[in-house]
Amino acid sequence: MAITPPSERIWWKQPIARVELTWIVIAFIWGLIMFFMMIYWHGAGEQNLSNEAYKITPVQFSQRAQAMIDEHTVRREGNFPVVRPPPGSDVYLIARLWQWWPILELEKDQSYRLHLSSMDWQHGFSLQPVNINVQVHPGYELVMTMKPSQAGEFGIVCNEFCGIGHHTMVGKMYVVDDGGQTDDD
Ligand code: CUA
């Protein structure tokens, strides 16, 4: 069977069927509703933290992180410093191929300014099991004001594909209760 052109040259110019038009209108109205729901959920829903973003070079960011690490490291786990910055302070977490650096130890019910940036290319910060997800880019730092509400050990996984070691890019964060020890059992 040969492939033949449509009999009408302008084959696509057809009136829109009523049912199709109805669905277009429904989809459009739903889109508008969801648009305004974003604003509502931002305030009332259990959303990711609102963040601020600033330009910063990887060198500047790593210097600030290193200053925090030098001042507030309390112990080491393997090669990783465990850093316990004072409540209310700026805390830094470096994303790079393929690790989250350092391990942060925060106090429950205290607020911190968490700064995130990448040293190389894009990574995804995913805090588990609370499921906070943000993209981490080189050249920018994201700053989130956070107040941990549960003590324990939290996992950080990278959820943006970043090369051959992506699946090994896991880190952790401790939240301790009232200056006590980590909820380790
Ligand atoms: Cu970093 Cu995937």
Side-chain angles (χ1 to χ4, degrees), residues 34 38 41-42 45-176 182-185:
M34 294 302 275
M38 286 196 298
W41 280 323
H42 181 84
E46 293 200 347
Q47 296 293 290
N48 277 337
L49 310 173
S50 311
N51 60 58
E52 304 155 43
Y54 305 99
K55 276 193 169 174
I56 192 163
T57 65
V59 172
Q60 285 173 318
F61 190 83
S62 66
Q63 283 168 349
R64 290 180 199 178
Q66 195 57 49
M68 171 198 76
I69 292 165
D70 290 343
E71 202 168 345
H72 301 295
T73 296
V74 288
R75 59 179 189 278
R76 298 186 73 85
E77 285 187 18
N79 289 326
F80 284 78
V82 179
V83 181
R84 187 163 178 172
S89 67
D90 290 279
V91 302
Y92 296 85
L93 186 64
I94 289 175
R96 64 187 178 204
L97 302 172
W98 284 281
Q99 58 188 199
W100 299 99
W101 181 269
I103 298 172
L104 295 168
E105 184 171 277
L106 308 177
E107 285 176 40
K108 183 174 174 265
D109 297 326
Q110 298 288 341
S111 123
Y112 298 86
R113 302 256 300 157
L114 175 65
H115 298 242
L116 290 168
S117 190
S118 167
M119 295 297 105
D120 31 62
W121 55 70
Q122 182 174 314
H123 300 281
F125 172 88
S126 180
L127 188 68
Q128 299 298 333
V130 287
N131 204 21
I132 289 170
N133 295 283
V134 287
Q135 290 179 323
V136 185
H137 299 273
Y140 290 91
E141 63 169 354
L142 279 166
V143 188
M144 293 177 285
T145 303
M146 61 181 285
K147 192 190 247 185
S149 56
Q150 299 162 251
E153 182 184 318
F154 297 86
I156 304 168
V157 299
C158 179
N159 64 3
E160 299 276 351
F161 182 71
C162 56
I164 193 85
H166 164 68
H167 62 291
T168 67
M169 191 169 165
V170 290
K172 58 182 160 180
M173 185 184 280
Y174 294 113
V175 176
V176 296
T182 312
D183 237 10
D184 236 345
D185 50 351

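First listed ligand is number 1; within each ligand, the first listed atom is number 1.
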Task: Min side-chain heavy-atom separation Leu104-Met68 under 4.5 Å - done: yes
Task: Short side-chain to backbone donor-acceptor contact, His166 and Glu160, under 3.5 Å - done: yes
Open item on the list: So, of the N/O/S atoms that His166 has, which is the nearest one to atom 2 (Cu) of ligand 1?
Closed with: ND1
Open item on the list: Restricting to N/O/S atoms, is Met169 within less than 2.8 Å of atom 1 (Cu) of ligand 1 or not?
Closed with: yes
Open item on the list: Would the distance check show the side chain of Tyr92 and the main-chain N or O of Gln63 forming a donor-acceptor pair, the cut-off being under 3.5 Å?
Closed with: no
- [ ] Confirm or rule out an N/O/S atom of Cys162, from backbone or side chain, lying less than 2.8 Å from atom 2 (Cu) of ligand 1.
- [x] yes
- [ ] Tell me, please, if His167 has any N/O/S atom, main chain or side chain, under 2.8 Å from atom 2 (Cu) of ligand 1?
- [x] no
Open item on the list: Can you check the angle at atom 1 (Cu) of ligand 1 formed by ND1 of His123 and SG of Cys158? Round it to the nearest 10°.
Closed with: 120°
- [ ] State the atom name: nearest N, O or S atom of Glu160 to atom 2 (Cu) of ligand 1.
- [x] O
Open item on the list: Could you check whether any side-chain heavy atom of Phe125 comes within less than 4.5 Å of a side-chain heavy atom of Cys158, counting everything from C-beta outward?
Closed with: no
TODO: Could you please spell out the steps behind the salt bridge (Lys or Arg N to Asp or Glu O under 4.0 Å) verdict for Glu141 and Arg113?
DONE: CA-CA 12 Å; Glu141 63 169 354; Arg113 302 256 300 157; over 6 Å; no
